[in-house]
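Got a structure for you, questions after.
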Amino acid sequence: MPRRPPPDADPPLLVACALGIERFALRGGDRGEKVGGAGPRLVTLRTGMGPQAAERALTKALGEGAVTARSPVVASGFCAGLVPGMQPGDVVVAEATRGHEPGAPDVRCRDNGPLLQALRQRGLRVHSGLLRGSDHVVRGAERAELHAAGAVAVDMESAATLRTAMRAGSRPVAAVRVVVDAPEHELVRIGTVRGGISAFRVLRSVLPVFYEWHRSLLLPRR
């Protein structure tokens, strides 16, 4: 059984990702390690691929008490960029996520300002906009169609993760994804080409930003 945080403790931050390589890039969080020796606990959750797997895994994690009803949730990992000119290693911070189902509602990411600022201060190329969900790998013409409909990137788990998190209770949510392939840089396998390696290195570098964001959420509101 997951260790339940004390009732008076600051709510842990939950970072959800689909793949083992993504969790490895975000390594250390699931052991409760802290950046700089201080700050709230972080829990990483590997959900498995696809929206249904993400929903099941997050529902289970929230129900088992590894995090609290107030815990912020970040969906992270890799994504496919949709905007011409995007490069592997670019970062996408969602303004909203939307599932692949017809008529799926948007989940707004209302607290992402500090994330955008911190990532840009690190010299990363950051894009912000609608992050679309899919239940399959998106290629070619479908990628162009999603961009024409207003999305900047697509992945399979973020929309389901944030929708499930908000269904369990109002909380800060965010989706921060690293572009692993883009219109001019489509990949076949993550990690076997230069673009995949670039994306992996950038994903490793964003964990301290999640801690900074989490700490900012705990500060008194003015």
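Here the structure is a predicted model, which means the values were calculated and not measured. Because only heavy atoms are used, hydrogens play no part in the values below, and waters and symmetry mates are left out as well, while side chains stay in.
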- Note on the structure: CZ of Phe210 to OG of Ser76, rounded to nearest 0.5 Å, is 3.5 Å
- Query: CG of Leu207 to CG of Leu42: how many Å apart, nearest 0.5 Å?
  - Reply: 6.0 Å
- Dump the intermediate steps for side-chain contact (heavy atoms from CB on, under 4.5 Å) on Leu119 and Leu116, then the final yes or no. CA-CA 5 Å; Leu119 290 165; Leu116 284 165; 5.9 Å; no
- Query: Would you say Glu157's side chain and Cys17's backbone share a donor-acceptor pair under 3.5 angstrom?
  - Reply: no
- Is it true that Asp111 and Arg171 make a salt bridge, defined as a side-chain N closer than 4.0 Å to a carboxylate O? no
- Query: Just by modelled atom types, is the Arg23 backbone N or O under 3.5 Å from a matching donor or acceptor in the Thr44 side chain?
  - Reply: no
Could you list the donor-acceptor pairs under 3.5 angstrom formed between side-chain atoms of residues 97-105 and any protein atom two or more places apart in sequence or on another chain?
| residue | atom | partner | partner atom | Å |
| --- | --- | --- | --- | --- |
| Arg98 | NE | Asp106 | OD1 | 2.6 |
| Arg98 | NH2 | Asp106 | OD1 | 3.4 |
| Arg98 | NH2 | Asp106 | OD2 | 3.3 |

- Query: Checking side-chain contact (heavy atoms from CB on, under 4.5 Å) for the pair Val209/Arg122: CA distance, chi angles, key distance, verdict?
  - Reply: CA-CA 9 Å; Val209 174; Arg122 289 175 174 267; 3.2 Å; yes
Give every donor-acceptor pair under 3.5 Å between a side-chain atom in residues 48-61 and any protein atom, sequence neighbours left out.
| residue | atom | partner | partner atom | Å |
| --- | --- | --- | --- | --- |
| Glu55 | OE2 | Arg167 | NH1 | 3.1 |
| Thr59 | OG1 | Glu55 | O | 2.8 |

- Message: Given 3.5 Å as the limit, does a donor-acceptor pair link the side chain of Ser198 with the main chain of Pro88, or not?
- Response: no
- Taking atom CG of Asn112 and atom CH2 of Trp213, what is their separation to the nearest 0.5 Å? 9.0 Å
- Message: What's the separation between atom CG in Leu82 and atom CD in Glu145, rounded to the nearest 0.5 Å?
- Response: 11.0 Å
- Message: So, taking the atom named OG in Ser216 and the one named OH in Tyr211, what distance separates them when rounded to the nearest 0.5 Å?
- Response: 14.5 Å
- If you measure from the Lys or Arg side-chain nitrogens to the Asp or Glu carboxylate oxygens, is any gap between Asp90 and Arg177 under 4.0 Å? no
- Query: Could you state the interatomic distance from CG (Leu14) to OG (Ser71), rounded to the nearest 0.5 Å?
  - Reply: 7.0 Å
